Every structure is written in C-alpha cells, then in structure tokens.
Amino acid sequence: MQCERRKFLAHVGSGMLIASVGSTLAAELGLAAELSDDQKNALHFGRLEPLVQLMQQTPVESLQKELVHRLGQGVPLEELVAAGALANARTFGGQDYDGYHTFMALAPALEMSRQLPLAEQPLPILKVLYRNTARIQACGGRESEVLHAIHEIAASGALPQGQDLQVASRNADMDSAEKIFATMMRGPANEAYNHLQFALQDEVDVHRTVLTWRAWKMTELLGEEHAHTLLRQSVRYCVDAEQSLQNKKRNRSGIRELLPRLLDELEPGKRKPGTRKATDAELLELSRLVFEGSRDQAAQAVTAAMLDGLSIDSVGESLTLAANHLLLFDPGRTEQQASADKPQGSVHGASVGVHACDSANAWRNIANVSNVRNQFASMIVGAYHTAGQRGGVGAEELAYAQTANELKFDNDQVLVELDAAVKSKDQLLASALTYRYLKSGGEPAGAFTTLLRYAVSEEGALHAEKFYRTVQEEYATTRPSFRWRHLVALARVSASEYGFPAAGLEQARELLRIS
C-alpha cells in the first residue's frame, strides 16, 4: 500500500515528542517551532474544517457515534460526505490505493442513500466514512498529510495549457505539475479540467480515469471553492504513476503516439461531434470490435465511426456494452488469482469486468463535461482502454439466458428468489433470475432495490458502491434493447461479493436503531 512507502520523518525526534504531548503543550514548551512551516502550509477548509478534522482524528471505534450525533443535530448527509472527501484528499492526495478507492466511493454512496427509506439513508455513507477514517489513521492521520498549500504560482499573464501539464507529468516533476495546475485554477475550473485531460490521456489505468471523473463529480457538492483540492489528486496520481513507470523501467502506453494521429484525422478545431444515433446493428458491431479487437484496432474503429458522424453518446454506449461483455464472459478468478476477500470463482472487486465497466463509464461521463477535443479523445482513449482484454476472459458467456428458460416458478416470485440466490452466492442463478425478471416485463426498480441492500451491506473489495452506481447510470443511458445486460451484470457481482460484510456497518445499524 502507498502509505507504507511514505517517509514518516515528521514522527522522528521533536515530531514524535510533539505528537505525544499535544500541539498546544508543545507550543508552550517551545517545541513546535520546527513545525511552523507545516502549520503555515496546511490546507484549511473554512466552516468545514472542524468536521474534516473530526474525520481525521476521531478514533475509528468512536466515529459512528460522533457522526450519528451530528446527524441528530441537523448536519445533512451531504455535509458529512463533503467533509469526508476533503479529509481524504488532504491526507492521501490521490496517492494511496485504499485511500483513493474510498474517495471514489463517497459520491456513489450519497446517491445510494437517496434511494433508501429515510431511516436507512445514513447507512451507505457511514459505511464509507468508517472505511475512510480507518485508512486515514492507518496511514498516520494529520501528521502524514500529502496535500499542502501552494504559494509559488504565476500571479498574472497567460495561463498554462494542457500540453504544459502533460510535459511536467511525463517528466515526473511533481513540483512543476502542481504549480502549473494551481496556476490553471486561477481560471474557470472547467477549463482547468479540460487541460487536466492531457495528462490523464497518457495512460490507460482504471484508477486514474475513475478518480479524475469522481473528483469532478464531487465539485458538484463542494463547489469551485474546493475544486483545486479535489482535482489536484488526479494531477498527483498521474505524476506518481509516471514516476513508477520510470522506476520500474516499464514501457509507456502506445496511446501517446496513437491519440495525436487520430485526433488529426478528426480535426476537432474544425469538426464538431456528430449527432447520428447508431442503429442496434451498428452498436453491436462497434461494441464487438472493441470487445474482440486489439487496442489500436478499437481506437481506430471508434475514430472511423465518429468521422462517419456517429454521436458521442452512441460511441460511449458501445464502450460500456463491450465492458459488460468482459464481465459476463469472465469465468471468475482462478485458484492462483484468489485472495481472502476475492475467492476462487469470484468476479467482484478488481476484476477485469468490473474495472472495464467502471472505466468505460468514467470515460463516457468525462466526455459529457468536456470540450470538443476531449470528447473525441475520451472516446478514442476509452476504446483503447476497454479493448485488448478479450484474452483475459472465457470463450463463452455466462449461461444466464439458458438457465432462465429452465426456471419453473411464477414471475411474481422472482425477486424473492433473486434475494435468496445472492445470499447463496450463486452467480449464475442470480443473473438468470434478473434476466428472466426483466424480459418478463418486471420493473427495473424492483431489481435495483433488491440488489441495493447488498451494495450497502457488503464491502465489495472496495468496489461495491462504485459499481452499483456505474450500473445505474449505464442502465439509464443505454437503449432498452440492451440495457438489461447491465442489471444482469450487477446481479452477478452482488452474488459474488456476498459474505464479506462491511466493517462498521453493524455498529451504524445499532446506533440508528435499524434491525
């Protein structure tokens, strides 16, 4: 884990003594002088600061009680999520595996809470905030914060461009990249976000992509006031990833050379994205090319489709269907790939299909809030990212359709049976029941409600909230002829992840008096 690589020099000598006696007493004893620069450079979040500090400093076993107390005082769930996001960003800066996964779960947990009965709405948020504080404290809490104030930025003149940030990222120059992005943030946040895409598009990595999307999504809750704190996590992730490539002497992604060539063909300075909606046949063919083809072939295929006037929505739809195929063709983890929380045969957590679905969803969402150049680029890089993974899954799709035809009970029993199938960890039966339910005219809300309880109750190897929200978004934006596939995939993942309950959730239930 990243936090285990950090240098804890602040904990040595006087730093250790200050931590043991407390900052106030240390100041009185004159021991805090060496920390004055850190204090001067510490980020402060205004009215949210006390709540942010509570998230960082409260012993995790006492956290739920404190948060439920705040809810009783009228603090809204949105404010708890906002404070949790800032506490996470300040502590990890997008550079800790468990840390950024927890950040990426916060906005989905808030969306999930809004779909629950009133009394249960805090549960998914308390679950993720418990994970958040536990990780923060495991990594040293406030004493090991990554993000600090940036003072040396250009005061005037032309703002730097995406290419400038890309060069700093490719040089693994964290200081320059941070200063360039901070200067960009003197302008509108959405313009800085478009410039950030140049660094993002240099590699295909689910975490850099989803983190960049979820950081932008969180600005809807926190506003431009905190946009820099949220988005610089992505800057630091990209630089950190580049440094890792250099240290391990690994090759850079071929997308760095391919993307400029394909953008030259599309001429985004002259051409706007097309508006033509793909036919079902065209959509299936494009998704097949992405699913089965090489990365270069997939990128070239979506470029040709966009040159032919196909809309960004249709191209994005093809990416998410190709990713869905990766999940439904996945035979599950082998014995060698298994771990304690991801056993043999499982497909939840960091599986090829879940990662593909989450990343395709992120590329699609990024395109929706970007300029023309980045709309084209997001589809090209998204296709390149999704493709080339066919060899990592099985030759045949999970036999849910055939199994559904063999089911004998009445359709009004399906959701009850689906609940039982998830609890039995029967991926095939859960998928077949969902397919049967939807194909027989069942309301999708019924299936989502049934599966939501497991996205709340189970840990999901850090992916439960994110993937549930991915499926909801893709179901809503995919045409009726194919959207059922996303819910079938959710049923499979729900059955796979069952049996690994989330830490802190039972305590939250007791405090909220929920059976």
Side-chain angles (χ1 to χ4, degrees), residues 42-58 60 63-94 96 98-116 118 120-137 141-142 145-149 185 189-190 192-193 210-237 365 369 456 462 465-466 468-469 504 508 512:
L43 293 178
H44 191 280
F45 299 125
R47 68 174 186 83
L48 286 173
E49 181 63 28
L51 199 51
V52 173
Q53 289 197 33
L54 180 144
M55 302 283 183
Q56 292 178 289
Q57 297 174 333
T58 303
V60 70
L63 179 71
Q64 307 280 34
K65 184 176 181 180
E66 289 291 338
L67 297 181
V68 171
H69 176 65
R70 296 299 193 282
L71 291 173
Q73 291 180 319
V75 176
L77 289 170
E78 288 81 1
E79 195 157 308
L80 295 185
V81 171
L86 293 174
N88 183 295
R90 186 163 72 182
T91 305
F92 303 118
D96 177 74
D98 286 7
Y100 55 67
H101 272 86
T102 303
F103 175 86
M104 293 187 289
L106 282 166
L110 181 58
E111 294 291 345
M112 288 162 55
S113 75
R114 292 166 176 164
Q115 299 161 39
L116 290 167
L118 184 62
E120 297 179 26
Q121 287 180 1
L123 285 177
I125 293 168
L126 293 177
K127 165 194 175 182
V128 177
L129 291 177
Y130 182 95
R131 185 195 306 161
N132 195 42
T133 292
R135 187 60 182 170
I136 287 171
Q137 293 178 355
R142 293 222 64 187
E145 286 178 353
V146 168
L147 293 191
H148 299 92
M185 289 299 296
N190 65 319
Y193 193 64
V210 179
L211 176 61
T212 301
W213 164 241
R214 292 297 172 194
W216 179 258
K217 187 67 177 175
M218 191 61 71
T219 65
E220 295 179 5
L221 182 63
L222 280 158
E224 290 210 9
E225 176 187 1
H226 299 294
H228 181 221
T229 296
L230 298 169
L231 298 179
R232 66 190 285 207
Q233 295 179 93
S234 295
V235 174
R236 296 183 68 90
Y237 185 102
N365 277 305
V369 298
V456 174
L462 302 176
E465 302 81 18
K466 219 165 15 73
Y468 183 87
R469 188 59 188 153
L512 294 168

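These numbers were taken from a predicted model, which means no experiment stands behind them.
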Could you walk me through whether R70 and E66 pass the salt bridge (charged side-chain N to carboxylate O under 4.0 Å, His left out) test, one step at a time?
CA-CA 6 Å; R70 296 299 193 282; E66 289 291 338; 3.0 Å; yes

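- Qualifying side chain to side chain contact (heavy atoms under 4.5 Å, CB included) partners for E120, counting only residues two or more places apart in sequence or in other chains: L116, P117, L123, I514.
- Here T212 pairs with S234 under the side chain to side chain donor-acceptor pair (under 3.5 Å) rule; sequence neighbours left out.
- Every residue meeting the side chain to side chain donor-acceptor pair (under 3.5 Å) condition with R232, not counting sequence neighbours, appears here in chain and number order: E178.
- Atom CG in L86 sits 8.5 Å away from atom CE in M218 (nearest 0.5 Å).
- Counting heavy atoms from C-beta on, the side chains of L126 and L512 come closer than 4.5 Å.
- Between L230 and F103, the closest side-chain pair of non-hydrogen atoms falls below 4.5 Å.
- The one candidate from L118, V81, L77 that meets the side chain to side chain contact (heavy atoms under 4.5 Å, CB included) condition with S113 is L77.
- With sequence neighbours excluded, the residues that form a side chain to side chain contact (heavy atoms under 4.5 Å, CB included) with Q57 are Q53, R142.
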Could you go through the ring-ring contact (aromatic ring centres under 6.0 Å, His included) check for Y100 and Y237 one step at a time?
CA-CA 10 Å; Y100 55 67; Y237 185 102; 5.3 Å; yes

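- Partners of Q56 by side chain to side chain donor-acceptor pair (under 3.5 Å), not counting sequence neighbours, listed by chain and number: R90, T91, E145.
- No donor-acceptor pair under 3.5 Å is formed between the side chain of H226 and the backbone N or O of E224.
- Atom CG of L110 sits about 10.0 Å away from atom NZ of K217, to the nearest 0.5 Å.
- With Q137 contributing its side chain and T58 its backbone, the two residues share a donor-acceptor pair below 3.5 Å.
- No side-chain heavy atom of L63 sits less than 4.5 Å from a side-chain heavy atom of N132.
- Rounding to the nearest 0.5 Å gives a distance of 12.5 Å between CG of L211 and CZ of R236.
- For the pair N190 (side chain) and V369 (backbone), a donor-acceptor distance under 3.5 Å is absent.
- In this structure, L71 CG and L80 CG are separated by 5.0 Å, a value rounded to the nearest 0.5 Å.
- Considering only heavy atoms from C-beta on, V60 stays 4.5 Å or farther from I136 through its side chain.
- Considering CG of N88 and OG1 of T102, their distance stands at 6.5 Å, rounded to 0.5 Å.
- With hydrogens and angles ignored, the 3.5 Å screen pairs a side-chain donor or acceptor of K127 with a backbone N or O of V456.
- Looking at N365 and W216, their side chains never come closer than 4.5 Å, going by heavy atoms from C-beta outward.
- Taking the side chain as every heavy atom from C-beta outward, R131 and L462 approach each other to under 4.5 Å.
- Within the structure, salt bridge (Lys or Arg N to Asp or Glu O under 4.0 Å) pairs that include any residue of residues 71-80 comprise R47-E79, E78-R114 (at least two apart or interchain).
- Side-chain atoms of L106 and L221, non-hydrogen and from C-beta on, never get closer than 4.5 Å to each other.
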